[in-house]
Amino acid sequence: MNDWTMIEAINHALANQMRANENIVIFGEDVGVNGGVFRATDGLQTEFGERRVFDTPLAESAIIGMSIGMASQGLIAIAEIQFMGFIYSAIDQILSHAARLRNRTRGRLTCPIVIRAPFGGGIHAPEHHSESTEAMFAHIPGLRVVIPSSPARAYGLLIAAIQDPDPVIFLEPKRIYRDGKQAIDDNGQALPLDSCFVLREGVDITLVSWGAMMKETLEAAKQLAQKGIDAEVIDLATIKPLDIDSIIASVNKTGRCIIVHEAARTCGVGAEIAAQLAEKSITSLLAPIQRVTGYDTVMPMFKNEHFYMPSTQRIIYSAIKTMEYR
Amino acid sequence: MNDWTMIEAINHALANQMRANENIVIFGEDVGVNGGVFRATDGLQTEFGERRVFDTPLAESAIIGMSIGMASQGLIAIAEIQFMGFIYSAIDQILSHAARLRNRTRGRLTCPIVIRAPFGGGIHAPEHHSESTEAMFAHIPGLRVVIPSSPARAYGLLIAAIQDPDPVIFLEPKRIYRDGKQAIDDNGQALPLDSCFVLREGVDITLVSWGAMMKETLEAAKQLAQKGIDAEVIDLATIKPLDIDSIIASVNKTGRCIIVHEAARTCGVGAEIAAQLAEKSITSLLAPIQRVTGYDTVMPMFKNEHFYMPSTQRIIYSAIKTMEYR
Amino acid sequence: MNTQQNLNIEFSQYLDINGTLLKPLPATLDNEELLIALYRLLVLTRLFDETAVNLQRTGIIGTYAQSKGQEAIGTAIGRAMLADDVFIPYYRDIATQIQRGVSFEEILQYWGGDERGSNFADQPNDFSLCVPIATQLCHAIGVAFALKFQSKRNVAVVTCGDGATSKGDFYESLNMAAAMHLPALFIINNNQWAISVPLHQQTASKTIAHKAIGAGIPAIQVDGNDVLAMLINISKALEQIRQSGKPFLIEAITYRICDHTTADDASRYMDADVLQEAIKKEPLIRHKRFLSTQHFWTEEKDKALYHDCQQQIDEAVDRYQNFPPQAAGDFFDYMYEQLPADLLEQKQGFIQGLKHHE
Amino acid sequence: MNTQQNLNIEFSQYLDINGTLLKPLPATLDNEELLIALYRLLVLTRLFDETAVNLQRTGIIGTYAQSKGQEAIGTAIGRAMLADDVFIPYYRDIATQIQRGVSFEEILQYWGGDERGSNFADQPNDFSLCVPIATQLCHAIGVAFALKFQSKRNVAVVTCGDGATSKGDFYESLNMAAAMHLPALFIINNNQWAISVPLHQQTASKTIAHKAIGAGIPAIQVDGNDVLAMLINISKALEQIRQSGKPFLIEAITYRICDHTTADDASRYMDADVLQEAIKKEPLIRHKRFLSTQHFWTEEKDKALYHDCQQQIDEAVDRYQNFPPQAAGDFFDYMYEQLPADLLEQKQGFIQGLKHHE
Ligand SMILES: Cc1ncc(C[n+]2csc(CCOP(=O)(O)OP(=O)(O)O)c2C)c(N)n1
Ligand SMILES: Cc1ncc(C[n+]2csc(CCOP(=O)(O)OP(=O)(O)O)c2C)c(N)n1
Ligand SMILES: [Mg+2]
Ligand SMILES: [Mg+2]
């Protein structure tokens, strides 16, 4: 057992899979000697050599396009996009090709790639370094979008993503990269994709979130418990495809639901969850579904980013309002 | 009064505004001599000269990036992206800059641009020529996303988009470019942005849609009327910002709602509408909100595209199921 | 400061427009069978093109992009490549595709709006056609990486048009291929037009080949209407790439003597006189003259060849038309290796509701 | 085929690393006041940089990107530009910005995470810093278009790093600027590194200036540590652009003698000996030596200058620290000219719920 932060867990998951499969290559900007700006790939070039771990020129579209070409010929490409804010010039390659290659060729060519990117706010970074646009990727048919919220889930889900035969966008909540350690066995064991994780059972209200916001969500559940409100907490983990059944099961039990995400509200992933509940769980609902989210504004520069991001208090307030709803 | 198809209405709206404002420029691939592959800009280079209407090199990112630079210095840039499927390499410029320039500079530099792009399926076009990813743009703070559904609304909304001081993504439902004519007065009159249009009043069920799907939606309403179901039909028109109040007003009256869109289901704009209704109209709802949408697949190549696109029959079926819900 | 104006890129040509040989052919090409085989491919492509345009006009396939006048490029590429090289094409490369195991009926399926046309039965590794301009170049460098990683001595061969050279992906790919020493051959079909936009509006670069310089890639211009020059230079480039492991670029100079696609009307923007001049330089006439003067090619043989090619095409059209349609729900099945739960539910709903699709 | 290897781009230098003048200065530069003013800007930028790094270390601003060793570039750009030219900067251009009306406190606000730092009180048209690498080059060609459209004889001046030259936007912008004849000056700060990636891994191009060739843009390399060479060449280029209406590119060769940003640790990847060599070539020492030998510059004057500059900076830091914070809901107000209904509702909810934000 090892005591790892999330960034360490990611680093070790990568190393573990690199050892297990010679066809895996890791690349991106500054992932080699420098080991990534967050050190996710620290030591990997030393262990696996420049042939398998290397820096590319500064060109996100070519990085992802190249991954697709590699994957089509039997490699497993793990590309790092330095920050999610710099993934947009590669969206064309992701949407038009990575997500479509299998379908386009009726399974003849496939695209087992993992695109890793740190995402989310709260670390006092400059503009464009606090993006959380997972909903844009969740809208794209053919992708998986996976977001861990703890070191252990980062380890197990990243391994699952690498082993998955289809393209995975793996978004790493950088705010909690170093926020606490967890005991992890470096056994190469994957966690299931396409499934939620119930992190806390409860009967009064369901709180759904993912990534770094799990922290505030779990804290809110704790404080709500002190007020006698027993919240069930769900980590969505795989954003796409959505494991709606687990959420429905929970909401059918609790009758109330709050969805928490950092991303802008309009057309965020919260909307999809709410829409599905409104269709499939409407008779169970005892109160309107609330979304506690970022606003439809640009994430403010860091002096004011705390105003933008959902706080524990906002979640609690919303939960109490929901509980009081008649 | 003129009898114009939608593509003619667009062409005349552009000409009208070009005459009214010397700072407007129009550009893109093949918009000059060729007048655009759908002829939206036909004759404009002849009337306004190569200085104001011109072909660019084949480079979508630079086309949009250039628009931003132009707009920052007092021009009004109208850029054509030949098909929505080719807008993705420009998303970085749209999301990172066009949508943010005003906010980033606290209003010092602004970005009055219109990005026109034909979108949607149903014309038996090759792969990537049938995209409808309006939800990705609706998720981006700082943008307006506008979609007309008739020649008259194309005329009035495009004029509004051009006159709007902020960036507008103007998506043109190419399936109905030439689908019928409407009497239009070329008076340069704008229609309001940020507002729905109620195309048919009714008391039993609200049907919300936009773009080319209005056709099937209106047809469904007609056939439903024959079955004694009186549907209210709403054209969303401005996808972002959403005029949810008009929809709520309608649903509070009818108690039932179906949202129809061509785009993939997950995280589509339908999800946002359903989520807001689930929050704000839950007590009025007599039945679950249904979404009749494209599937979470790539739009099939054209032999099978009719399987993908919502049909009048699917809308009717869904409406009847909703009416029968107890 | 304008030193670059002094830089000339080599231009290679073997046959002039009258089919006269300008310099002796290398020994490998002094082979009548091969020379006729090349001609056959030119003719086959031309006839297929004409057939496909007719099929579009009668609604049997959808929009179609011809290679008319540009057949020498694809013919030479297909001939020069090894079977286990990988081809990453764009839409004017039919002449290459048919040499690499792609069947005419697959090509028709593709343009007929049927995904199965890209599931090549006899070609496992090549990419299918790429629509978003220039994106395929990025795939090519990934393929090249994989070939090198697997210690193969193969090359990723990728094509694009002159318009494509304005896209960021074109440049990013060239630059990355050279910086990373990847065995990729970039072949640019410079047919002087990107739909209605002429080359001089596309770039101020002296030539397209000059664009390789900023990536540090050696480049050459070749007469793209001269199948012999194309074949010789592609072969040489491939050999050089196999040796060096480094990329190379060929600009093939040709002319689009047809509409951009069947959805286009080139008469709106293409000068008729210029077009007539261009037609005189097209590759079939030239190669036929060469065969006539040097290899006793007769009108009779020519007729027989045309007849034979057309028959081959007609048979393929027949097979295409008799192909059973895809099952209605097939479009769900290839999104992922396994249908995820949400998509399975959508598919079931689709199947149940099939009657609601008009 | 490798003709390009023969192509040499002109390299311009006036001061060698000992501050010795290699050739006579043009008359316009033979002006002691100006030569000292340039030195002052170099020093001011250097001291501001050091101050800013300290402010970052003490948490008063956030991540900060130094220009250390690269001050000559921005100094020369700011001096050469006309007030109504438009500058489209990247994050190593403080020396230019402060000459164009941007205040130190605005720069600190920017790095302090406050949008008001980009609402320049005394500079209406220049762009603010651009984070997504190379995207600003596209804006620059749009600005250039507007200047030309408005019949001004002004130039859009844009900068980026060597790493930025690998991005599609870099190339698309160059190509479009040349194809469309736009008055843009591209200045590349080639500091040899993109964070930890050295230039030779970034590109196989012989020089960065060679990258202009594929767009058909004339280019020159300049010693970016020589403020005189930079100023002379930028002025010449600007003049040429005003005359011709066409773009130009300058590669400024320098070295990043600092971490990439305060979030970086260059000792992980930068060779200490190479760094020491680079430090010897940096622009301040060189210009000071030149002033000492040619213009009676003394240690005393130097000290006074440093003191004066530091004081100017300290005052700005004071003003920055005493700036009132933005109102909590301000971040809603600049998304659109008018707050749309949905956002207004969100803002009201935010204001009401302010107590819930820890
Ligand atoms: C990114 C992108 N933008 C626009 C288009 C529409 N389009 C299809 S072909 C074409 C012109 C391509 O010209 P060129 O690269 O010279 O190839 P050619 O057709 O002449 O062979 C355009 C603009 C596209 N397919 N992809
Ligand atoms: C599109 C994009 N990708 C990645 C980054 C992260 N990043 C910031 S600076 C930088 C290196 C830039 O190097 P260069 O262009 O040489 O400029 P320098 O910092 O050396 O002045 C990187 C990779 C970014 N800001 N934008
Ligand atoms: Mg072309
Ligand atoms: Mg650099």
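The model shown is predicted, which means the values in this text are computed figures rather than measured ones. Just so we're on the same page: letters track the sequence lines, and every chain starts at 1.
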From CZ (C:R268) to CG (B:D30), nearest 0.5 Å: 10.5 Å
Heavy-atom proximity to chain B below 4.5 Å, by part of C:L199: neither
Part of C:D330 lying under 4.5 Å from any heavy atom of chain B: neither
Interatomic distance, B:Y308 atom OH to C:F332 atom CZ [nearest 0.5 angstrom]: 9.5 Å
Heavy-atom pairs under 4.5 Å with chain C, option from B:Y88, B:F86, B:F54, B:F83 with the top count: B:F86
Distance, nearest 0.5 Å, that separates CD of C:E345 from OH of B:Y295: 11.5 Å
Heavy-atom proximity to chain B below 4.5 Å, by part of C:Y110: both
B:D55 CG to C:Q202 CD distance, which is reported to the nearest 0.5 Å: 9.5 Å
Criterion side-chain contact (heavy atoms from CB on, under 4.5 Å) on B:D296 and C:M335, from CA distance to verdict: CA-CA 9 Å; B:D296 285 315; C:M335 293 305 302; over 6 Å; no
Engaged part of C:L343 at the chain B interface, taking heavy atoms whose separation is under 4.5 Å: side chain
Spacing of CD1 belonging to C:I133 relative to NE2 belonging to B:H128, to within rounding of 0.5 Å: 10.5 Å
N/O donor-acceptor pair under 3.5 Å between B:N34 side chain and C:S196 backbone: no
Shortest non-hydrogen separation from C:I61 to B:F302 and the atoms involved: C-CZ, 4.3 Å
Between CD on residue B:E29 and OG on residue C:S166, distance to nearest 0.5 Å: 9.0 Å
Region of B:P126 that comes under 4.5 Å of a non-hydrogen atom in chain C: side chain
C:D265/B:R39 under salt bridge (charged side-chain N to carboxylate O under 4.0 Å, His left out): CA gap, chis, key distance, verdict: CA-CA 12 Å; C:D265 172 9; B:R39 309 290 176 253; 5.6 Å; no
Atom group of C:A266 that falls short of 4.5 Å from chain B, counting heavy atoms: neither
When C:G163, C:A194, C:G112 are compared by non-hydrogen pairs under 4.5 Å with chain B, the top option: C:G112
B:F307 and C:F331 aromatic ring geometry - parallel, tilted or perpendicular at 30°/60° bounds: parallel
From CA spacing to verdict: side-chain contact (heavy atoms from CB on, under 4.5 Å), B:H129, C:V131: CA-CA 9 Å; B:H129 289 70; C:V131 176; 3.5 Å; yes
Test log, rule side-chain contact (heavy atoms from CB on, under 4.5 Å), inputs B:L58 and C:V197: CA-CA 9 Å; B:L58 206 172; C:V197 181; over 6 Å; no
C:Q201 (side chain) donor-acceptor with B:T56 (main chain) under 3.5 angstrom: no
Residues C:K167, B:E60: salt bridge by 4.0 Å N-O rule: yes
Chi angles and distances behind the side-chain contact (heavy atoms from CB on, under 4.5 Å) call for C:Q326, B:M301: CA-CA 11 Å; C:Q326 295 188 59; B:M301 284 177 79; over 6 Å; no
Winner by heavy-atom pair count (cut-off under 4.5 Å) against chain B, out of C:A328, C:G168, C:G329, C:P340: C:A328
